[in-house]
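Notes for the one structure printed next.
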Amino acid sequence: MSDITMIEAVNLALHHGMEHDPAMVILGEDIGINGGVFRATVDLLGRFGPERVLDTPLAENMIAGVAVGMAAQGLHPVAEIQFMGFIYPALDQMVSHAGRLRNRTRGRLSCPMVLRAPYGGGIHAPEHHSESTEALFAHIPGLRVVIPSSPTRAYGLLLASIRNPDPVIFLEPKRVYRLMKQGVKDNGEALPLDTCFVLRPGSDITLVSWGAMMHETQLAAEQLASEGVDAEVIDLATIKPIDMETILESVGRTGRCVIIQEAASTCSVGSEIAARLAEEGLMSLFAPIRRVSGYDTVMPMFRNEKHYMPSTERILQAVKETLEYA
Amino acid sequence: MSDITMIEAVNLALHHGMEHDPAMVILGEDIGINGGVFRATVDLLGRFGPERVLDTPLAENMIAGVAVGMAAQGLHPVAEIQFMGFIYPALDQMVSHAGRLRNRTRGRLSCPMVLRAPYGGGIHAPEHHSESTEALFAHIPGLRVVIPSSPTRAYGLLLASIRNPDPVIFLEPKRVYRLMKQGVKDNGEALPLDTCFVLRPGSDITLVSWGAMMHETQLAAEQLASEGVDAEVIDLATIKPIDMETILESVGRTGRCVIIQEAASTCSVGSEIAARLAEEGLMSLFAPIRRVSGYDTVMPMFRNEKHYMPSTERILQAVKETLEYA
Amino acid sequence: MIKTTSFEIAYHQFLQPNGEPSGGLPPLARDTDTLHALYHNMVFTRLYDERAVNMQRTGQIGTFASSLGQEAIGAGVGHAMQPDDIIAPSFRESGALFFRGFRVRDLLLYWGGDERGMSNPDVGDDFPICVPISTHCTHAAGAAFAVKYRNEPRVVVCLIGDGGTSKGDFYEAINLAGVWNLPLVVVINNNQWAISVPRSMQTKTETLAQKAIAAGIPGIQIDGNDPIAVRHHVAEAIENARHGNGPTLIEAISYRLCHHTTADDATRYRSDKELEAHRQYDPVPRLRTYMTQQGIWSEEQETQLQTDCKTAIEQEVQHYLASEPQPPESMFDSLYATLPGELESQRRSLMGKE
Amino acid sequence: MIKTTSFEIAYHQFLQPNGEPSGGLPPLARDTDTLHALYHNMVFTRLYDERAVNMQRTGQIGTFASSLGQEAIGAGVGHAMQPDDIIAPSFRESGALFFRGFRVRDLLLYWGGDERGMSNPDVGDDFPICVPISTHCTHAAGAAFAVKYRNEPRVVVCLIGDGGTSKGDFYEAINLAGVWNLPLVVVINNNQWAISVPRSMQTKTETLAQKAIAAGIPGIQIDGNDPIAVRHHVAEAIENARHGNGPTLIEAISYRLCHHTTADDATRYRSDKELEAHRQYDPVPRLRTYMTQQGIWSEEQETQLQTDCKTAIEQEVQHYLASEPQPPESMFDSLYATLPGELESQRRSLMGKE
Ligand SMILES: Cc1ncc(C[n+]2csc(CCOP(=O)(O)OP(=O)(O)O)c2C)c(N)n1
Ligand SMILES: Cc1ncc(C[n+]2csc(CCOP(=O)(O)OP(=O)(O)O)c2C)c(N)n1
Ligand SMILES: [Mg+2]
Ligand SMILES: [Mg+2]
């Protein structure tokens, strides 16, 4: 067991999957000899050969559709979309087919595929390289959406996604690909695909986040702790389905909730959590729910992206207002 | 002024637009000689000729992209997607370009286009012909999303969309295309694109809905009235931006809110309204917010679709539970 | 300096519209069983279509797409495939689906708005009917990769319409099939209309087959109303693919003698004259005439066939009509392998248990 | 019965790699001003690329895509266009953009993460750089429709890469351009790589130009490192389009002598040998040798040009470096013509006013 980054953990899980499942294949743009533009697929081609590690022509709709076809015929394709900004051509296939094949055939066929994509901003990349549009997929029946926020969770959740008998959108917060290292045991153990992770228990307020924003959220919680505020920090991790039980239980205790996400606010995953709290946990709330989100604007090009992404300060500000509410 | 259906009102607004704006063109599949599969574009080809009424090859991504290109060059394209179930290939263009062109060029270019599509279930159509995925577009910065629920609003809102200097997704609830007739003045008067319509003032509970579900919502309100419950009924109409002021004001008075939508519940427009109420109107709520939605399942094929779509009974049930909450 | 590269697209026909051979015939033209099977399928499909259209009129099923006039394509494709091959159909190929093991009751369920229409386990891993045009082309390519990956001697056949060739999916799929040398045969039913849009408004190309050149794969054009040509050339392409020689694009030229679907009124956009002019190319009388001339078909056989088909169809119709709808909660039950917890409560609430 | 239809794709070159004519030359080969303009643009672009790559290294801009080795395409295309024509660029055509009126400071702003890079009003209604591959092909078709609709004598030129030809957008756009007879010229910069994916893995076709056959439009292949061939054939296609003769697809064969972008390390996937072997086709020395042989270019002119270009670029760089970032709230200010009310409050909260 060695300390590795999230991107290495992704690579490790892919290796583990390929090693143990002969039906698994990997496909995408530049995932072969180049090892992926973020190095997620490095060494896979050398180890498993071009029959199983497939550099495709440049066409995201095709990548998703071919993965659907492979999965329908018993393979377990793990397809990479190079950046989430290029995932939209693949959305049709995910909505119209991946999420429906089992239902449409009453189980005669199924679609055990994973669509991986790095997502989110903060790496000073060009236009379209900083999207956080997980909500689009979370809205779609028949899909699962998973977002890890640490190397261990990346490893365990990706393995679970690979083994899941239904299609999974697996979004990797690229800003934290190399931010932290953790000891990851390459033991093939998967994590559950329907459970939040409580990263810090607390009693004063519940902070819910996922992906790269966990970082700022945890920084905020530390800062709060130093100020005597005991925040519970929840990593949503599985965006669809949402583990509301854990969140409701937590907010039931704290009575206050701030949801932190990088995505635009309107019709987002944060909206859903807030809505469910308003439906199922309203009476335990001492203060209005707060969402700290990206704005409902196009993610600015990188010279200004920091103003778009929720900062620790914005989180703290929202927490303070929530705590002070009376 | 004659009594006309919603589909006729759409046709009337298109005629009015074409008549008064030489930069306007109409494009889509079967919109020419066939007049559209729902007859929305009937007579336009004959009146304005094949230079302005353009039957396209079968490719929705192309239809949207060509409209973006036309709009960038000063035309005002109104493109039809035959059914919302076939809109997904067009989503990339709407997200990546239509909603960004003005921002990307700091206003040097813009994208005054309308993408029209019939949407929603209830007409016993085949698979993929019953989608209500307005939330996907509502999440996207730079777009506007508009849904009429009556002939007059269809006329006024479509004219406003045509004249709007930015891209508008205009979704037409096909289940009510021919359900009711209204007297529509063909006077070229547009309706605002940022305002709800209060269809029935009331003091006991606020019902918010849009599109075809306005029908069941209004039936529910009538039923409630007969039982002595005074429901305020709001037609959201402009899905993006949302006129929260009107909703907050209403809920501020009634203290209770039920949101009714045909779409799947998770990360939906209903989630957004509930979330904003939880953020901005929490303390005026006497009872938890309720969403009455389609389920988070694939819309069943039509033999069972009635079980998916919110019925008047389901609305009444939710209203009663909300009223009885203590 | 100028160098040039050349490409050719051939057009093939064996039977003229009047049923006379138009040149040398392939061996199958002498194979009575094959000819009978093709003819049976075409007649059966035509009678099924007629019945289904009537059922739509009386509200017993929903919108329905007939294949009137295009039966040779479904028959030829379906018969050319081996049982283990895989079909990725569009929605107008009932004839091919009957060869694949779909029953009339399955298709009626499907058009009657019931997911069980695509659940018949006897059809193995054939793809279900695909409504969003062209989107199944990439599935077919993915399936073709899967069988190649497992070294299975199977071929995938994908069916699309002339309109479908305008959509990016089609090009992306054949391009991939070319560069990955996949065992895929794509058959275009060029019935010359995409709802109201004529073939001439879809594309400027002289043929649809030449779109294969953009993928670097063979493309041929055949008389799609000549069942012998369809059966022969599709089988040839399939066997080519099976032997590792890669994909083929086949444009089968036919004509939609019906409305687009029961929801359509073709008289709005298509002249009676055009329609009538195409009746002479009808594949059903064409094969019948040929078989009669060959002495392998009689009036009695025809009568018997009609009766048999009608009886068989009627039995299936009754089966369909007797089917109970699925329970409402079925919308949850095949959505995921295991229903996520959050949907359990939605399911319960649908069942009125919450 | 068999009938066949034939298609041809021609390859054109005027200057051999060593700068010698490879046959008859077009008039422009004797037009000193044009040759000087092309050469100036190529040298300027190469120096700009070099400077920009260095600026990326020192963190002054973000990821940057050089066009090293492919300058003849940008130069030839940019020079062939009339001012009123419209370009729909990809992201690797700085040379063409300079001809269109984009300044170095604009492009540096863009690659430096600032939207104002695409706001220069002097570039008229030219499209901005397009990052999602191939998605601008349909914009180009739409723009071509718009100018045709208004009877303007303008032509749209769309630039894409070899990788871009695998994407549905490309096929859908050229298909439409064919059937609507649009004034559109699509130029493929076939630099033989799409990041790490070689041309041979994109498609099985012998040429990319033959993809035009799928749209029923003319397609030609040219030596994209021969500035005279690019300028001549692109201009010919543009004038054809201007005169109502419809679209053309041009495959310009070149080679990416650089990494994909500054974020890429091509040594991972490409052999030094291959790279070195392609240096001999470099368009810059090719044109220089030709001009020298023609007696219209001297060492002094070369030195002067290098100095002039560097000075001009340096001035622009300083302009860029002096630029203040946009205020944070600028993210709201060009989003809509009029900011919707709900965004007013977000804007205020960003400004700390709420
Ligand atoms: C992506 C998509 N767009 C639109 C439709 C609506 N539609 C159904 S069939 C059809 C025409 C198809 O024409 P063609 O491909 O020639 O097949 P045919 O119906 O003639 O067999 C259209 C536009 C659809 N099903 N899918
Ligand atoms: C739709 C889309 N997918 C992926 C990418 C990431 N990407 C940027 S450039 C590139 C390769 C492009 O190759 P090509 O079209 O040959 O152009 P070149 O870079 O060689 O000029 C890729 C995959 C993108 N920008 N857009
Ligand atoms: Mg057709
Ligand atoms: Mg390239």
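Heavy-atom basis, side chains included; hydrogens, waters and symmetry copies ignored. Protein chains get the first letters and strands the later ones, always in sequence-line order, with residue 1 at the start of each. Since this is a predicted model, take the numbers as computed values, not measurements.
No donor-acceptor contact under 3.5 angstrom links the side chains of D/Arg150 and B/Gln73, judged on distance only.
Residue D/Cys137 does not touch chain B at all, counting heavy-atom pairs closer than 4.5 Å. Proximity to chain D is limited to the backbone of B/Pro22, based on heavy atoms less than 4.5 angstrom apart. For D/Ile86, the part lying near chain B is the side chain, with the backbone staying farther off; criterion is any non-hydrogen pair under 4.5 Å. Only the side chain of B/Leu109 comes within contact range of chain D, with heavy atoms under 4.5 Å apart. Neither the backbone nor the side chain of D/Val131 comes within contact range of chain B; no heavy atom of the residue lies under 4.5 Å from a heavy atom of that chain. Proximity to chain D is limited to the side chain of B/Leu101, based on heavy atoms less than 4.5 angstrom apart. For D/Asn175, the part sitting under 4.5 Å from any heavy atom of chain B is the side chain, from C-beta outward, and nothing else. Using a 4.5 Å cut-off between heavy atoms, D/Pro121 contacts chain B through its backbone alone, with no side-chain atom that close. Heavy atoms of B/Asp166 lying under 4.5 Å from chain D belong exclusively to its side chain. With a threshold of 4.5 angstrom between heavy atoms, D/Ser330 approaches chain B through its backbone and through its side chain. Contacts of B/Arg276 with chain D are made by side-chain atoms alone, with heavy-atom separations under 4.5 Å and no backbone atom involved. Neither the backbone nor the side chain of B/Asp243 has a heavy atom closer than 4.5 Å to any heavy atom of chain D.
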side-chain contact (heavy atoms from CB on, under 4.5 Å), that's the test. Do D/Phe127 and B/Thr105 meet it? Break it down for me.
CA-CA 9 Å; D/Phe127 283 94; B/Thr105 61; over 6 Å; no

Report the C-alpha distance between B/Arg52 and D/Tyr149 in whole Å, list the side-chain angles of each, state the deciding distance to 0.1 Å, and finish with yes or no for side chain to side chain donor-acceptor pair (under 3.5 Å).
CA-CA 8 Å; B/Arg52 296 184 64 196; D/Tyr149 176 80; 3.1 Å; yes

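A 4.5 Å side-chain heavy-atom check between D/Pro340 and B/Arg144 finds at least one atom pair inside the cut-off.
Judged by distance alone, with hydrogens and angles left aside, the side-chain atoms of B/Arg108 form a donor-acceptor pair with the main-chain N or O of D/Asp126 at under 3.5 Å. Judged by distance alone, with hydrogens and angles left aside, the side-chain atoms of B/Arg106 form no donor-acceptor pair with the main-chain N or O of D/Ser334 at under 3.5 Å. In terms of modelled atom types and a separation under 3.5 Å, the side chain of B/Gln93 and the main chain of D/Thr135 share a donor-acceptor contact. When atom types are taken as modelled, the side chain of D/Glu342 and the backbone of B/Pro241 share no donor-acceptor pair closer than 3.5 angstrom.
Here the straight-line distance linking atom CG of D/Asp169 with atom CG of B/Asn61 works out to 4.5 Å at 0.5 Å rounding. For the atom pair CZ (B/Arg104) and SG (D/Cys130), the distance works out to 6.5 Å, reported to the nearest 0.5 Å. The structure places CG of B/Asn103 at 10.5 Å from CZ of D/Phe332, a figure rounded to the nearest 0.5 Å. Residue B/Glu51 holds its CD atom at 8.0 Å from CZ of D/Phe145, rounded to the nearest 0.5 Å. Taken to the nearest 0.5 Å, the CG atom of D/Asp333 stands 12.0 Å off from the CZ atom of B/Arg102. B/Met62 contributes atom CE, which lies 14.5 Å from atom CZ of D/Phe170 (distance to the nearest 0.5 angstrom).
Identified by a heavy-atom distance below 4.5 Å to chain B, the contributing residues of residues 98-117 of chain D are D/Phe102, D/Glu115, D/Arg116, in residue-number order.
Summarising the local packing, CD of B/Glu245 is surrounded by 12 or fewer heavy atoms from other residues, nucleotides or ligands at distances under 6.0 Å. For NE2 of D/His319, the number of neighbouring non-hydrogen atoms (other residues, nucleotides, ligands) closer than 6.0 Å is 12 at most. Within a 6.0 Å sphere centred on CD of D/Glu239, heavy atoms belonging to other residues, nucleotides or ligands number more than 12.
Chain D forms more heavy-atom pairs under 4.5 Å with one residue of B/Ile63, B/Leu143, B/Asn164, B/Leu27 than with any other, namely B/Leu143. Comparing D/Ala88, D/Ala140, D/Gly124 by heavy-atom pairs within less than 4.5 Å of chain B, the highest count is held by D/Gly124. Interface summary for chain B: among D/Val147, D/Asp125, D/Leu176, the most heavy-atom pairs under 4.5 angstrom belong to D/Asp125. Between chain D and the options B/Val25, B/Thr56, B/Leu54, the largest number of non-hydrogen pairs under 4.5 Å is found for B/Leu54. Contact count against chain D (heavy-atom pairs under 4.5 Å) is highest for B/Gly142 among B/Ala59, B/Gly107, B/Gly142, B/Gly99.
Closest approach of B/Gly65 and D/His139 over heavy atoms only: O-CD2, 3.3 Å.
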